[in-house]
Amino acid sequence: QVQLVESGGGLVQPGGSLRLSCAVSGVSLDYRTISWFRQAPGKEREGISCISSSDGSTYYADSVKGRFTISKDDAKNTVYRQMNSLEPEETAGYYCATPKVGGLGDSCLPLTNYELDYWGQGTQVTVSS
């Protein structure tokens with residue numbers, strides 16, 4: 001059974017940084033893409049980044065490009081999401097997700113693909129002074 005367990009959220013001051021983790025079990029990251037979303041209360045879900053299987057190509061929404069980084073540790077089967085220069089309007093629940101079917105060399109695009117099968121439980125990020 002595929003499971004995604006998230007950690008690393010919390011309270012951070014404006015301009016601060018956080019690193020989120022998404023530990024994957026039940027399937028190797030060589031065969032699955034991981035997508036990263038956020039959703040604030042009353043707002044639509046936003047696809048912000050993703051990392052492709054095997055070659056680890058990464059992609060970012062314009063809203064986070066240059067500030068957020070997604071990476072993976074194949075030995076730990078874990079995806080990391082580094083967030084820098086956080087702003088109060090980025091307060092939201094952050095989620096990782098992966099499809100049921102995948103393989104080597106799969107692309108994770110488009111960022112707006114919300115029809116994924118397995119989701120982490122989400123982790124809350126609050127940006128406030």
Side-chain angles (χ1 to χ4, degrees):
Q1 182 178 0
V2 177
Q3 288 189 317
L4 286 69
V5 178
E6 306 201 50
S7 60
L11 174 65
V12 63
Q13 292 188 340
S17 299
L18 279 176
R19 189 175 82 153
L20 308 182
S21 298
C22 176
V24 181
S25 61
V27 66
S28 169
L29 288 177
D30 280 341
Y31 298 96
R32 290 294 184 276
T33 62
I34 296 292
S35 296
W36 184 14
F37 303 91
R38 65 184 176 190
Q39 188 165 21
K43 294 188 177 180
E44 292 186 356
R45 185 178 301 175
E46 179 186 10
I48 56 177
S49 182
C50 68
I51 186 164
S52 296
S53 65
S54 63
D55 72 351
S57 297
T58 57
Y59 304 90
Y60 300 93
D62 288 343
S63 59
V64 305
K65 198 172 294 182
R67 299 185 298 117
F68 288 13
T69 303
I70 189 169
S71 62
K72 62 177 180 172
D73 184 331
D74 290 331
K76 296 182 177 180
N77 221 42
T78 297
V79 173
Y80 299 102
R81 298 152 292 167
Q82 179 69 38
M83 306 186 295
N84 299 328
S85 302
L86 284 161
E87 302 167 355
E89 54 267 32
E90 297 183 296
T91 294
Y94 284 73
Y95 301 85
C96 57
T98 193
K100 185 176 183 179
V101 177
L104 290 172
D106 282 356
S107 173
C108 59
L109 294 173
L111 294 177
T112 53
N113 178 18
Y114 304 131
E115 301 301 317
L116 298 172
D117 302 284
Y118 300 105
W119 290 76
Q121 82 279 14
T123 187
Q124 178 67 30
V125 172
T126 301
V127 186
S128 176
S129 55

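All values reported here derive from a predicted model rather than from experimental measurement.
Each side-chain hydrogen bond (donor to acceptor under 3.5 Å, both in side chains) pair with one or both residues in residues 5-34, not counting sequence neighbours, appears once here: E6-R81, S17-N84. Within the structure, side-chain hydrogen bond (donor to acceptor under 3.5 Å, both in side chains) contacts touching residues 96-110 (residues at least two apart or in different chains) do not occur. Residues in residues 69-79 take part in no side-chain hydrogen bond (donor to acceptor under 3.5 Å, both in side chains) pair, two or more places apart or across chains.
Residues Y80 and V12 do not share a hydrophobic cluster, defined by chaining ILVMFWY side chains whose heavy atoms lie under 4.5 Å apart. Under the 4.5 Å side-chain contact rule for hydrophobic residues, I34 and V2 share a cluster. A continuous path of hydrophobic side-chain contacts links V27 to L29 [ILVMFWY only; heavy atoms under 4.5 Å]. In the hydrophobic cluster analysis, where Ile, Leu, Val, Met, Phe, Trp and Tyr join through side-chain heavy atoms closer than 4.5 angstrom, V5 is grouped apart from W119.
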Inset, instruction - Kindly indicate, with the supporting measurements, whether the criterion side-chain contact (heavy atoms from CB on, under 4.5 Å) is fulfilled by S35 and L116. - result: CA-CA 9 Å; S35 296; L116 298 172; 3.8 Å; yes

Inset, instruction - Check step by step if side-chain contact (heavy atoms from CB on, under 4.5 Å) holds for S63 and E89. - result: CA-CA 11 Å; S63 59; E89 54 267 32; over 6 Å; no

Inset, instruction - Apply side-chain contact (heavy atoms from CB on, under 4.5 Å) to the pair W36 and L20, showing each step before the final yes or no. - result: CA-CA 10 Å; W36 184 14; L20 308 182; 4.2 Å; yes

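The minimum heavy-atom distance between F37 and A97, with the atom names listed, is CE1-CB, 4.0 Å. Heavy-atom minimum distance, Y59 versus S49: O-OG, 2.8 Å. In plain terms, the two heavy atoms of Y60 and L111 that are nearest each other are C-CD1, 3.6 Å. When all heavy atoms are compared, the tightest approach of T91 to Q124 is CG2-NE2, 3.8 Å. The minimum heavy-atom distance between S52 and C108, with the atom names listed, is OG-N, 3.2 Å. Of all heavy-atom pairs between G47 and A61, the closest is O-CB, 3.7 Å.
Remark: side-chain polar atoms of S54 are not paired, donor with acceptor, to backbone N or O of L104 under 3.5 angstrom. Under a 3.5 Å cut-off, the side chain of Y94 and the backbone N or O of V125 do not form any donor-acceptor pair.
Side-chain atoms of M83 and V64, non-hydrogen and from C-beta on, never get closer than 4.5 Å to each other.
Atoms CD and OH, from Q39 and Y114 in turn, are 9.0 Å apart once rounded to the nearest 0.5 Å. Taking CD1 from I70 and SG from C96, the interatomic distance works out to 8.5 Å, rounded to the nearest 0.5 Å. To the nearest 0.5 Å, the span separating CD on Q82 from CG on L18 amounts to 8.0 Å.
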